Amino acid sequence: MAAKYWLVKSEPDVFSWDDLKKSKNQTTYWDGVRNYQARNFLRDEMKKGDLVLFYHSNTEPLAVMGVCEVVREGYPDFTQFDPDNDHYDPKADPKNPTWFMVDVKLKKEFKHPVTLDEIKSNPKLKNLKLIQRGNRLSVMPVTKGEFEEIVKMGN
DNA sequence: GCCAACGTTGGC
DNA sequence: GCCAACGTTGGC
């Protein structure tokens, strides 16, 4: 099974590329996703070895910072059961968890972060879900071609 | 800080 | 099951 390609958004105020760099083994768990479509990707579709573009949303610079690799496949997001956590979900049932997460590890830092403007002005990326109107998914699939184009732009 | 777009909630 | 109201996202 060939690896798949993904793009995840993170607000750098919450968790930035630098935070990932400083994490133990440059690996982190991707917690706090509370959207069913994104949850399904995390739970069912993301597999070990899949490659993930890491995008900074909401705060400058709006850009893809680099590439991560999935190192642990979907497992229950423990923050849903923690009342002190921002992502606590009082309806979540430990026996049948609602929300899932994966672990990702830093694989490659772009020499040149690929900004939203650059993505928008590249005709090869015009179908990228990220730039489609009103898209609010925090985890989304990208095609191999889109992935390779962004990696090329980052080097 | 604004606001368009969207997902979720809840009354009916 | 519809749909209005509401809250959140995220670019500008």
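As a basis for the values below, the full set of heavy atoms in this structure was taken, side chains included, without hydrogen atoms, waters or symmetry mates. All figures in this text were calculated on a predicted structure; none of them were measured in a lab. First the proteins, then the strands, lettered A, B, ... as listed; each starts at 1.
- Between Tyr36(A) and Trp99(A), the distance from one ring center to the other falls under 6.0 angstrom.
- Relative ring orientation between Phe54(A) and Phe15(A) is described as tilted, the plane-to-plane angle lying within the 30° to 60° band.
- One finds no salt bridge joining Lys124(A) and Glu146(A) here, because no Lys/Arg side-chain nitrogen approaches an Asp/Glu carboxylate oxygen to under 4.0 Å.
- For the pair His56(A) (side chain) and Val64(A) (backbone), a donor-acceptor distance under 3.5 Å is absent.
- In this structure, Arg72(A) is positioned above the aromatic face of Tyr75(A), its NZ or CZ under 6.0 Å from the six-membered ring centre and within 45° of the axis.
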Name the pairs: protein N/O against N/O of nucleotides 1-6 of chain C, kept only if under 3.5 Å.
none

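- To the nearest 0.5 Å, atom CG of residue Asp89(A) and atom OG1 of residue Thr79(A) are 9.5 Å apart.
- Dashed line: the shortest gap from a side-chain N or O of Lys91(A) to OP1 or OP2 of dT9(B) is under 4.0 Å.
- Per the geometry, OH belonging to Tyr36(A) stands 16 Å off C1' belonging to dT8(C), to the nearest Å.
- Using a 4.0 Å cutoff on non-hydrogen atoms, no part of residues 115-128 of chain A comes near DNA chain B.
- The CZ-P distance, from Arg34(A) to dT8(B), rounds to 13 Å in whole Å.
- Considering only side-chain N and O atoms, Lys9(A) lies nowhere under 4.0 angstrom from the phosphate OP1 or OP2 of dT9(C).
- Between Asp19(A) and Ser16(A), the side chains place a donor N or O and an acceptor N or O closer than 3.5 Å (distance only, hydrogens not considered).
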